[in-house]
Structures are given as C-alpha cells and as structure tokens.
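Here is the structure we will look at, set down as structure tokens.
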2 protein chains.
Amino acid sequence: MKNRLRVLRAEHDWSQADLAQALGVSRQTINALETGKYDPSLPLAFKIADLFELAIEQIFERPSADNQSASND
Amino acid sequence: MKNRLRVLRAEHDWSQADLAQALGVSRQTINALETGKYDPSLPLAFKIADLFELAIEQIFERPSADNQSASND
DNA sequence: TATTTAAGTCAAGCATGCTTTACAAAAAGA
DNA sequence: TCTTTTTGTAAAGCATGCTTGACTTAAATA
C-alpha cells in the first residue's frame, strides 16, 4: 500500500525523527512506512491523519483488492 | 477503538459470516472486530470502507490519543 | 577536512491481527 | 418442541506491526 508520507513530511520540513516523535513511534517505524516495508496499524494511521489534518484516504492509497478468500466454516 | 460495524451489518441484514465472506476474512475476525477484541489492519479497514461505501473515518472512531512515547535514538 | 545530521537497514524480541478447528449457547424458524 | 442459524469464545499457530540497539552511508555544515 503506497502512501504520501515522505511528501507530507517534506512539506513540513521534518526529519523522520521529527515525525516519529510527533507521532510517538520510533524513527525506524517511519522509515519502514516510507520505504514500503509495511503498512501502519489503523490507530497509527489515524494519528498520522490527525497530525497532517487530512483524511486517511488522502494519505494512504487503497490496496490493490487482493481477492483472497478465507474458509468461513 | 470503537466502530459501527454491527450497525452497518444490521442495516444490510447480513450475518457475521456474510460480511466475512464479502470481505474475504474469517467469521471470527468479524466477531472480534465487533466485540472490540482488536482493530482491523489498515488494508482491511479500506476493504470495509469500500464495501459500505463510506470513509474509514465514518466507520471507525478515532482512538483516544494515547500519548505514549518511544525513545527515538 | 572533520563532525554532525539524516536516512537506510538488520536482528532479536514482543504485541497485535488473522487463520483454522472446535465447541457452547442464544435466537429464529419449522 | 425440535432443528437450524447465528453469535460468542478458546487455543494454537503464522504473519505483520512496532520496539530497541547498532551499524553504514550520504549529505550538510563547521
């Protein structure tokens, strides 16, 4: 899932460490998000959205509709 | 983090199993989300939002701003 | 040039999200 | 009442999210 974190961070002229501190997470987490290692949890996504005063949908791109199925009893 | 899943599901007259199938997750996952056991991943939150044609923010309530801090180097 | 800041990455470890299988209990329908 | 459907829950296991600590490299600055 792609995101606009790096751009938003640049617009605010923040380092990864600055952003991490503002969000209460580690710098490595920010780096991992920006480099696409994994997606944030929903609570963290909300914090990010609140910080940048944007909707989650404006920061994170919809995933590519995987169509995986689970057995469901 | 509270959510409106049970209400939305009721509006559509779906069982937990129906919703699970529509989302490609297990019934137990839906039950866990509705009973507040845990929050969905961001990708699953997007799928839910897409299915109900709502924004994530309209389904999931913002978490109560934890203010936890990480050491950050 | 020497130093500092910023970014990338790795490994180990713990927490959370989701799976399958299984069972119990409540609610709905015959 | 009897049967079926729906919901709740539990345990074990695997995948993902996030932590700390450490190290490397590149870029900015004294």
Side-chain angles (χ1 to χ4, degrees), chain A residues 1-52 54 56-57 59-73, chain B residues 1-52 54 56-57 59-73:
Chain A
M1 179 186 276
K2 293 181 68 176
N3 66 68
R4 306 207 311 123
L5 263 189
R6 191 177 298 255
V7 171
L8 292 171
R9 183 171 63 79
E11 286 176 1
H12 291 257
D13 200 30
W14 288 339
S15 67
Q16 292 183 347
D18 291 336
L19 178 55
Q21 186 168 11
L23 293 169
V25 297
S26 70
R27 179 182 67 81
Q28 287 81 347
T29 292
I30 300 303
N31 187 81
L33 296 179
E34 289 192 359
T35 56
K37 297 272 189 298
Y38 50 73
D39 299 319
S41 67
L42 185 56
L44 180 51
F46 265 107
K47 283 191 185 180
I48 293 170
D50 287 351
L51 181 63
F52 289 115
L54 292 171
I56 288 178
E57 287 84 353
I59 303 178
F60 300 93
E61 211 173 65
R62 284 179 157 54
S64 41
D66 256 294
N67 282 339
Q68 91 263 12
S69 62
S71 70
N72 269 327
D73 301 3
Chain B
M1 179 187 273
K2 292 180 70 177
N3 66 66
R4 306 208 311 124
L5 262 190
R6 190 177 297 254
V7 171
L8 292 171
R9 183 170 63 79
E11 286 176 359
H12 291 256
D13 199 27
W14 288 339
S15 67
Q16 292 183 346
D18 291 336
L19 177 54
Q21 187 168 11
L23 293 168
V25 298
S26 71
R27 178 182 68 83
Q28 287 79 350
T29 292
I30 300 304
N31 187 80
L33 297 179
E34 290 191 358
T35 57
K37 296 272 188 303
Y38 50 72
D39 300 320
S41 67
L42 185 55
L44 180 51
F46 265 107
K47 283 191 186 181
I48 293 169
D50 287 351
L51 182 63
F52 289 115
L54 293 170
I56 287 176
E57 288 84 353
I59 303 177
F60 299 93
E61 210 173 66
R62 284 178 157 55
S64 44
D66 258 294
N67 282 336
Q68 92 263 14
S69 61
S71 70
N72 271 327
D73 300 5

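Atom set for the values below is all heavy atoms of this structure, side chains included, hydrogens, waters and symmetry mates excluded. Below, chain A is the first sequence line, B the second, and so on; all start at residue 1.
At least one side-chain nitrogen or oxygen of A/R6 sits closer than 4.0 Å to the OP1 or OP2 atom of C/dG8. At the phosphate of D/dT9, neither OP1 nor OP2 sits under 4.0 Å from any side-chain N or O atom of B/R27. Note on B/N31: a side-chain N or O is less than 4.0 Å away from OP1 or OP2 of D/dG8.
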Practice prompt. Could you walk me through whether A/H12 and A/L19 pass side chain to side chain contact (heavy atoms under 4.5 Å, CB included), step by step?
Written response: CA-CA 9 Å; A/H12 291 257; A/L19 178 55; over 6 Å; no
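Looking at B/R27, its side chain never comes within 3.5 Å of a backbone N or O of B/A20 through a donor-acceptor pair.
Closest approach to the A/S26 side chain among C/dT9, D/dT20, D/dT9 is made by D/dT20 (side chain taken as heavy atoms from C-beta onward). Taking the side chain of A/T29 as heavy atoms from C-beta on, and the options C/dG8, D/dT19, D/dT7, the nearest nucleotide is D/dT19. Candidate nucleotides D/dG17, C/dG8, D/dG8 were compared by shortest atom distance to the side chain of B/E34, and D/dG8 ranks first.
For the pair A/H12 NE2 and C/dA6 C1', the interatomic distance rounds to 19 Å; values are reported in whole Å. Note: CG (A/D39) to C1' (C/dT16) measures 15 Å, nearest angstrom. Computed from coordinates, the B/Y38 OH to D/dC18 C1' distance equals 18 Å when rounded to whole Å. Regarding A/Q16, its CD atom lies at a distance of 10 Å from the P atom of C/dT9, rounded to whole Å. The separation between B/I30 atom CD1 and D/dT5 atom P is 20 Å, rounded to whole Å. Here the P atom of nucleotide D/dT16 and the CG atom of A/L42 are 18 Å apart, to the nearest Å. Separating the CZ atom of B/R9 from the C1' atom of D/dG8 is a distance of 12 Å, rounded to the nearest angstrom. Taking atom CG of residue B/L5 and atom P of nucleotide C/dC18, one finds them 11 Å apart after rounding to whole Å.
Annotation: side-chain contact (heavy atoms from CB on, under 4.5 Å) contacts of A/K2 (sequence neighbours excluded): A/E61.
Counting any heavy atom pair closer than 4.0 Å across all strands shown, A/S41 reaches sugar-phosphate atoms only and no base atom.
Taking CD of B/E34 as the start and CZ of B/R4 as the end, the distance is 12.5 Å to the nearest 0.5 Å.
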Protein-nucleic acid N or O pairs under 3.5 Å, nucleotides 10-15 of chain C:
none

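Side-chain contact between A/L23 and A/T29 is absent, with no heavy-atom pair separated by less than 4.5 Å. Side-chain contact check for B/Q16 versus B/Q28: every heavy-atom pair is 4.5 Å or farther apart. When side chains are defined from C-beta on, B/L51 does not count as touching B/F46, because their heavy atoms never get closer than 4.5 Å.
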